[in-house]
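Okay, so here's the structure we're looking at.
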Amino acid sequence: MPLDIVPTVCPHDCPSACALEVERIDGRRLGRVRGAGSQSYTRGVVCAKVARYAERQHHPGRLSQPLRRIGEKGAGLNAFRPVSWDAALDEVAEALTRAVQRHGSETVWPYYYAGTMGLVQRDSINRLRHVMRYSREDLTICSALSDAGWLAGVGAKRGVDGREIAKSDLIVVWGGNPVSTQVNVMTHIATARRERGARLIVVDPYRTATAERADLHLAPLPGTDGALACAVMHVLFKEGYADRAYMMRYTDDPEGLEAHLATRDPTWAAGITGLSQDEIVGFARLYGRAKRSYIRVGYGFSRSRNGSAQLFAVSCLPAVTGAWAHEGGGALYSNLGLVAIDHTLIEGLDRLDPSIRMLDQSRIGPVLTGDPRDLGNGPPVTALFVQNTNPMVVAPESRLVHHGFARSDLFACVHEQFMTETAAMADIVLPATTFLEHDDIYLGGAHTYLQLGRAVLPPYAECRSNHDVINGLAERLGARHPGFVMSAIELIDRTLQLSGLPNVESFPHGGRLDCCPSFATGHFLDGFPQTDKRFHFRPDWQAIGPEYARLPAFPDHVEAIDDGDPERPFRLVAAPSRSFLNTSFNNTPSSVAREGRPTALVHPEVLAGLRLADGDRVRIGNQRGSLVVRARGASGMQKRVVIVEGLWPNHAFEEGIGINLLTSADPGLPRGGAVFHDTSVWLRPA
Ligand code: SF4
């Protein structure tokens, strides 16, 4: 059995963007998948779900041919019949054209997200959007809140190289669970602990697998991390840990900050966070004593209405102690802004008309059900073309999303790898390639590499890549743009040249280009990427988003969260599970076996008060509805906190609708963002 090992890149929605080495059997089948040892961030490690990728690649449920729906929406594969590619693409093009003739071009909403993080296969849909003047999509669902918070202080989406964690004396994992969601962080933490005796602090509302490994775990109430960060800074100033010389040189208003924080003491923060004063002071002293202190900022605490303010407050800590200036010190949220890629050709930005309406992807439920706050005076959305996402499960306010997709006047085409619950609502379903079957180029949120991933297997059955389908539709719609007549690799090659980077032929062997900046730039010693080159303790929120008025002048706790009432006393966090990665792996047998079934983690005393035991059914509800899951007692969190890890498919729940039934489509401050961890609920025995 001929077997070779070929390099590629993990495309999934995960900051690690691991460099992979995959076994190819007979040139057609996937064997084992390993992390590339030679890529210095991946260092040979990948998560279990991707190590078992053959399960997903050769899953019997892979879509193999284009399908036209002939039965009920939502009924699944049996409601579809195969059609040829030509017939399917003709039908989609005709439906989009008819919709435009009736309502204008904004009635069509190409809808996508990060099912692949490859720039060509993810973003080519925008080329069609802009050339055809279809509605724009505001990509808020994951990072709008966290981006806003990071940009407020630092000024650009980059931070200290993740490999420097290994040189740290204190690592703070704040609002993330890397053991489950980006395992490579733990590789570098393990090195720091082994070689330097570094300590690990985890800040997370519940005892995650990462928190289990920490020297100190702080579990504030969801949405209160900003208060914790302010009280830590209060102690840093009060007890002499603030580096005033650093602040004078590199920050905008240290005196203003110190005066502002005078009342944000541990007593104040304890009342908001639910932590003890001792916990807060102890954390502040540990942080203040270590100059090589590295904060790895996760996406968790940003999923609140006040998430940008929380993340901003956390990003201020290394500016107070001057940790940014030290090797192994500083913080990282994401490096996706590190490499300046020219997206014009891939996304057709030369054809973007900013007067065309923008619809918020997180509000797909309200959009599809005609909410005037979203549609204004514009036409209804009557045609959707979906790639790389599964909004029937992942978007907030599921009931509205489901009603929207069920509309008889909505045409939907979904290009997918599996018959997801979104695909099952489509009129036409098109089979998509996986990353192993197409070419693409990848940035990494956690590291500094730009990586080229070439196709290593032939397309399964009749599957086509996103880029090829976009080009096929463009041809039928009469859309003209140079990107529509290029192959994916030609598009990559030209994009690299336009970006001033090595082209495909001169790209480093193995497809990995390390774009790590100099130490001075990486640590902002030549200035922060703000107009005045200083870190901003006093951010210009107005420049970041329209809903700036409720955000404070300095880092603070912002009381915008859904903090419950006597009817809904609990705070629900819909956290990511180890095995699913949104919904990308929630149908592979080993992932489902490991996760078991939808489960609520509930404080043991609360569980006892409800007269429930582990494994009993519990109903969770709020004003948007209710659902039943199994309960499990979990200590290491406050009594008001309830955790449901996912994302499970809707059909895994007794009543056929999943956890996002309960989450809100309210936009976070100041420029939108989904608020998945900001949900008040009640609990009852089911
Ligand atoms: S850790 Fe993230 S990037 Fe690495 S293999 Fe797993 S999903 Fe992919």
Side-chain angles (χ1 to χ4, degrees), residues 5-23 30-57 59 113-119 121-122 142-143 162-163 165 173 176-190 208-210 296 298-300 332-336 338 388-390 394 417 434-438 440-453 456 510-512 575-588 590-591 594-595 645-647:
I5 295 178
V6 285
T8 185
V9 184
C10 178
H12 286 284
D13 187 7
C14 166
S16 288
C18 287
L20 305 180
E21 288 170 354
V22 304
E23 289 179 359
L30 180 66
R32 285 193 290 185
V33 177
R34 298 188 190 87
S38 56
Q39 202 257 41
S40 57
Y41 185 77
T42 303
R43 278 179 47 183
V45 177
V46 290
C47 63
K49 49 194 174 287
V50 169
R52 297 188 300 260
Y53 208 82
E55 256 190 318
R56 188 170 193 276
Q57 174 69 17
H59 193 293
Y113 201 51
T116 172
M117 291 292 280
L119 302 185
Q121 307 297 348
R122 185 188 65 192
C142 179
S143 59
R163 291 170 293 195
I165 290 174
V173 172
N177 179 12
V179 166
S180 290
T181 61
Q182 43 166 325
V183 66
N184 312 79
V185 172
M186 302 310 293
T187 305
H188 300 282
I189 291 175
T208 61
T210 310
R296 187 64 181 92
Y299 286 84
L332 175 64
Y333 153 59
S334 172
N335 265 331
L336 286 178
L338 178 67
N388 295 336
T389 187
N390 184 12
V394 306
Q417 295 162 347
T434 68
F435 75 104
L436 297 160
E437 301 160 357
H438 57 231
D440 217 329
I441 191 150
Y442 305 88
L443 295 161
H447 57 66
T448 54
Y449 286 91
L450 177 65
Q451 300 180 101
L452 186 58
V456 296
R512 296 158 203 151
S577 68
R578 185 179 302 195
S579 311
F580 287 165
L581 214 177
N582 302 323
T583 62
S584 291
F585 292 84
N586 74 2
N587 64 343
T588 53
S590 63
S591 290
R594 188 189 182 283
E595 297 300 326
E645 294 186 342
L647 276 166

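On a predicted model such as this, the values are computed, not experimentally measured, just so you know. Just follow the structure's listing: the first ligand is 1, and inside any ligand the first atom is 1.
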Pairwise side-chain contact, V9 with L20, heavy-atom cut-off 4.5 Å (strictly under):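 With C-beta onward as the side chain, the pair stays apart.
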Just jot down the ligand 1 atoms closer than 4.0 angstrom to any heavy atom of A17, in number order.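 This gives 3 (S) as the contact atoms.
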Which of the ligand 1 atoms, numbered from 1, are nearer than 4.0 Å to a heavy atom of V50: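 Checking each atom against V50, I get 5 (S), 6 (Fe), 7 (S), 8 (Fe).
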Measure the distance from [atom] to every protein heavy atom, then report the residue, atom name and distance (to 0.1 Å) of the closest one.
atom: atom 6 (Fe) of ligand 1; value: C47 SG, 2.2 Å
atom: atom 2 (Fe) of ligand 1; value: C14 SG, 2.3 Å
atom: atom 4 (Fe) of ligand 1; value: C18 SG, 2.3 Å

Please verify the inter-ring angle class for Y53 with F435; under 30° counts as parallel, over 60° as perpendicular, anything in between as tilted.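 Perpendicular: the ring planes of Y53 and F435 meet at over 60°.
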Donor + acceptor pair across side chains of E55, S590 (<3.5 Å):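 Distance-only check passes for E55 and S590.
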Given Y449 and S40, is the side chain to side chain donor-acceptor pair (under 3.5 Å) satisfied, shown in steps? CA-CA 9 Å; Y449 286 91; S40 57; 2.7 Å; yes
Is there an N/O/S atom in C10 that lies less than 2.8 Å from atom 2 (Fe) of ligand 1?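 Looking at C10, which is the residue asked about, there is no N, O or S atom under 2.8 Å from atom 2 (Fe) of ligand 1.
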Say you draw a straight line from SG of C14 to CD of Q182; how long is it, rounded to the nearest 0.5 Å?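 Rounded to the nearest 0.5 Å, the SG-CD separation comes out at 5.5 Å.
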Applying a 4.0 Å heavy-atom criterion (strictly less than), which segment of [X] is in contact with ligand 1: side chain, backbone, both, or neither?
X: P15; result: neither
X: L581; result: side chain
X: N184; result: side chain

Between the side chain of T42 and the main-chain N/O of Q39, is any donor-acceptor distance below 3.5 Å?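 Flag not set: sc T42 to bb Q39 has no pair under 3.5 Å.
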Is R34 salt-bridged to E21, going by a charged N under 4.0 Å from an acidic O?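 Looking at E21 together with R34, the answer is no, because their closest N to O distance does not fall below 4.0 Å.
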